[in-house]
Asker: 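Mind having a look at this structure? Questions to follow.
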Protein chains: 2
Amino acid sequence: MDLRRLRYFVAVAEARGIGKAAERLRMAQPPLSVQIRKLEAEIGAPLFRRGTRGMDLTEAGQALLARASEALALAADGAEAARAVASGRRGRLSVGYMFVLANAMLPRLIPELRRSIPGVDLDFAELSASTREARLLDRSVTVALCMPAIHHPEIQVARIGAQRFMLAMPNRSPLARLGAVPMARLQGRPLIALPPPEQDPASSAVAALLRRHQIVMPIASRVETVHSAMSLVLAGEGLAILPACAQLGAPRGIVFRPLRDVSDSLDIAVCWRRDSQSPLIKTFLKCAEKAVARL
Amino acid sequence: MDLRRLRYFVAVAEARGIGKAAERLRMAQPPLSVQIRKLEAEIGAPLFRRGTRGMDLTEAGQALLARASEALALAADGAEAARAVASGRRGRLSVGYMFVLANAMLPRLIPELRRSIPGVDLDFAELSASTREARLLDRSVTVALCMPAIHHPEIQVARIGAQRFMLAMPNRSPLARLGAVPMARLQGRPLIALPPPEQDPASSAVAALLRRHQIVMPIASRVETVHSAMSLVLAGEGLAILPACAQLGAPRGIVFRPLRDVSDSLDIAVCWRRDSQSPLIKTFLKCAEKAVARL
DNA sequence: CATTGGCATACCGAAAACGTATGGGTTGGC
DNA sequence: GCCAACCCATACGTTTTCGGTATGCCAATG
């Protein structure tokens, strides 16, 4: 059962004659006649009534015609759909993001994406650092928004911005009255920390910052998410050193203050598999850059 | 876009490898590899990711796969449907019947047909003699139940029974007291006649019967249908000479009596186009014979 | 009876597909 | 760290299939 035969069959049925169909198909009449007979032999029943003035579908031919034209349309549509996906006009873009970036970026990023690639289904998932890496590698997400970037030989990274570290504290804290907090004021205060460096590279940047200023902050709690960290800060359990964009998702009662003479920051990066040939990535990158531009 | 390529593509996608798919398709691995690459060239995008342990669909490949397997199924289904129609397992059987036979035959014929050819859509139409012929010729009905048969070079006839002529009269008529009515008693009485012979061959049989017995019955009315004829008989407008089976549809107040020493009858026949190769015809014929058997 | 219109058949050259042999890259074991 | 195993890609010769040209057959038409 060859698709070309079906195409010929449909043409003959529509033209109601082999000669006219051959003309329409830009081919000679005899080979078309042969193909139609071969199709009939394959089916095992005549599909046309040969009259003296052209050909006419039999009942069996009518039954075939409906399915054949649908099959032709489906095949053409399949090819077109594959091309559309390959070119990025359609498809699915699965984005793994991290919690802290959600409030800062998604409200600008999502509309931008919908405008740029309207035919593409978007799929956002908030994932931890290690999960983002794993799901990039197994391709169940296409791109990840990370802070900081993932380092892995299979993964490519584009830096699209950075976020200063700031100090998060309850608004009743005496430090909140300062415009910028000197590092020395942190000495000995309890710290609400994120998962250790091997799970979340942001922690190592915080640790490096403290080490450089020779500040020791005892770890009051380790929490999984920035959201939890801010809850504990609000509860007076300790202070947290977080990227500036965390402010946007901060609950009432938390204030952020810059650290005086500290310019340490975390890179915001888009990460994807080096071998991913998805054409959506470069579009995503542009949109993400726009979204990060006026953070 | 060739259906074979799509078949190969689906096989490779399902087997997740060219080698395994080739085995399943009973062919060598290299030509399958070539076909897949040709399909990719035709689409203009890679459909598989070549890994070291087989092949894996790209997004574009996934988009194609869904449509391709549907198209394959449709093509196969189309072939099967055509075969089913050609063999008479499915399809449509359009039956043109005449009014007088409806009450006598349809209640037995229709259930018989549904049992014999359950997959076939039945389509019954009550048609006048000339319309039956016309619609047989233009193939808009497959078979016709006729009384008497249609004579036409393109039309084939199978006689399946016969119906004696009887006299229809109101039950208050003095003739109704007789067991059988002698022809002489009809002399001069008004006749309710059906359309003239050129439109309805039954009329010529009635005319021949009267002529042979040298009876003259003035025509009180010509009506289109047997039903109308019986209405006028009931109204006392005249008598009608009708095939016996008309009794079954007769209104209350009409009685039928045989004509003494008259054995004239009308053939009940199944008619169809000589060149119709519908396999349903012979089945229909069997069912019609059964239905007519105990009339 | 010749002509026309339409499909079928015959034959030949061209294109496509299949099989065998072989290359190349990666994985996994000794 | 080398060798074997696995899997896909390429090359080439053979076979099948397809399309074009020439021609035949049949029916309808004038």
Side-chain angles (χ1 to χ4, degrees), chain A residues 1-43 45-58 60-61 72 75 137-138 153-154 273-275 277, chain B residues 1-43 45-58 60-61 72 75 137-139 152-154 273-275 277:
Chain A
M1 177 60 67
D2 184 349
L3 211 53
R4 168 182 8 193
R5 294 231 174 98
L6 291 183
R7 201 187 319 282
Y8 289 175
F9 166 70
V10 171
V12 172
E14 285 177 352
R16 306 173 63 84
I18 290 185
K20 282 184 278 289
E23 204 173 324
R24 211 178 290 182
L25 291 166
R26 316 280 183 119
M27 68 186 292
Q29 169 264 317
L32 183 54
S33 174
V34 169
Q35 291 303 320
I36 294 297
R37 296 197 86 82
K38 283 189 179 172
L39 181 60
E40 288 178 318
E42 192 180 335
I43 299 286
L47 300 170
F48 291 97
R49 247 185 302 277
R50 272 80 170 169
T52 171
R53 280 279 169 255
M55 323 240 298
D56 214 358
L57 284 173
T58 61
L72 283 171
L137 290 174
D138 76 8
E154 290 291 310
R273 266 193 82 110
R274 205 173 283 281
D275 66 357
Q277 66 247 5
Chain B
M1 175 60 67
D2 184 348
L3 210 54
R4 169 181 9 199
R5 295 232 174 97
L6 291 183
R7 200 186 319 281
Y8 289 174
F9 166 71
V10 171
V12 172
E14 284 177 353
R16 306 173 62 84
I18 290 187
K20 281 186 278 290
E23 204 173 324
R24 211 178 288 183
L25 291 166
R26 316 280 181 115
M27 67 187 291
Q29 168 263 317
L32 184 54
S33 173
V34 169
Q35 291 303 320
I36 294 297
R37 296 198 87 81
K38 284 188 179 173
L39 180 60
E40 288 179 318
E42 192 179 335
I43 299 286
L47 300 169
F48 291 98
R49 249 186 300 277
R50 271 81 169 165
T52 172
R53 280 276 169 256
M55 322 242 296
D56 213 358
L57 283 172
T58 61
L72 284 171
L137 290 175
D138 76 7
R139 299 180 204 276
H152 188 285
E154 290 290 309
R273 265 194 82 111
R274 205 173 283 281
D275 67 357
Q277 66 246 3

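Within every chain, numbering begins at 1; the chains are lettered A, B, ... in the order of the sequence lines, protein sequences first and strands thereafter.
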Asker: If I take atom CD in residue B:Glu40 and atom C1' in nucleotide D:dA9, what distance separates them, rounded to the nearest angstrom?
Answerer: 12 Å

Asker: Return the nearest nucleotide to the side chain of A:Lys38; candidates are C:dT26, D:dT29, D:dC18.
Answerer: D:dC18

Asker: State, with a plain yes or no, whether a side-chain heavy atom of B:Asp56 is found less than 4.5 Å away from one of B:Phe48.
Answerer: no

Asker: B:Tyr8 has a side chain; which of D:dC8, D:dA28, C:dC18 sits nearest to it?
Answerer: C:dC18

Asker: As a test of reading the structure: which of D:dG20, C:dT27, C:dC7 is closest to the side chain of A:Gln29, going by heavy atoms?
Answerer: C:dC7

Asker: When the nearest nucleotide of DNA chain D is assigned to A:Asp2 and to B:Arg37 on a heavy-atom basis, which residue is associated with the more 5' position?
Answerer: B:Arg37

Asker: Rounded to whole angstrom units, what separation is found between the CZ atom of A:Phe48 and the P atom of C:dG6?
Answerer: 16 Å

Asker: For B:Arg16, answer base if it contacts any base atom (sugar-phosphate contacts may also be present), sugar-phosphate if it contacts only those atoms, and nothing otherwise; contact means non-hydrogen atoms under 4.0 Å.
Answerer: nothing

Asker: With a 4.5 Å heavy-atom cut-off, do B:Leu137 and B:His152 have their side chains touching?
Answerer: yes

Asker: Just how far, in rounded Å, is C1' of C:dT9 from CD1 of A:Ile36?
Answerer: 16 Å

Asker: How about A:Thr58 and B:Gln277: do any of their side-chain heavy atoms sit closer than 4.5 Å?
Answerer: yes

Asker: Mind checking if B:Gly54 touches a base, just sugar-phosphate, or nothing, with heavy atoms under 4.0 Å?
Answerer: sugar-phosphate

Asker: Is any side-chain nitrogen or oxygen of A:Arg50 closer than 4.0 Å to OP1 or OP2 of C:dA8?
Answerer: yes

Asker: CZ of B:Arg49 versus C1' of D:dA9: gap in Å, rounded?
Answerer: 19 Å

Asker: Rounded off to whole Å, could you give me the CG-to-P distance for the B:Leu32 and C:dA16 pair?
Answerer: 18 Å

Asker: When you look at CZ of A:Arg16, are more than 12 heavy atoms from neighbouring residues, nucleotides or ligands closer to it than 6.0 Å?
Answerer: no

Asker: Over all strands shown, is B:Gly17 touching base, sugar-phosphate only, or nothing at heavy-atom distances under 4.0 angstrom?
Answerer: sugar-phosphate

Asker: Report yes if at least one side-chain N or O of A:Arg4 is closer than 4.0 Å to OP1 or OP2 of D:dG19; otherwise report no.
Answerer: yes

Asker: How do B:Gln35 and B:Pro30 order along DNA chain C: which one's closest nucleotide is nearer the 5' end?
Answerer: B:Gln35

Asker: CG of A:Asp56 versus P of C:dG6: gap in Å, rounded?
Answerer: 14 Å

Asker: Say whether, by atom type as modelled, one donor and one acceptor occur between the side chain of A:Glu40 and the main chain of A:Leu47 under 3.5 angstrom.
Answerer: yes

Asker: Looking only at side-chain atoms of A:Thr52, point me to the closest of D:dT10, D:dG19, D:dA27.
Answerer: D:dA27

Asker: Counting side-chain heavy atoms from C-beta on, which of C:dA17, D:dC6, C:dG6 comes nearest to B:Arg53?
Answerer: D:dC6

Asker: Of the options D:dA9, C:dA8, C:dG19, whose atoms approach the side-chain atoms of B:Ala28 most closely?
Answerer: C:dG19

Asker: Which nucleotide in the set C:dC7, D:dA9, C:dT20 lies at the smallest distance from any side-chain heavy atom of A:Ile18?
Answerer: C:dC7

Asker: Whole-Å distance between C:dA17 C1' and B:Arg26 CZ?
Answerer: 19 Å

Asker: Please check if atom CD in A:Gln29 has more than 12 non-hydrogen atoms from other residues, nucleotides or ligands closer than 6.0 Å.
Answerer: yes

Asker: With a 4.0 Å limit, can you tell me whether A:Ser33 has a side-chain N or O closer than that to the phosphate oxygens OP1/OP2 of C:dC7?
Answerer: no

Asker: Would you kindly give the CD-to-C1' distance between B:Glu42 and C:dA17, to the nearest whole Å?
Answerer: 15 Å

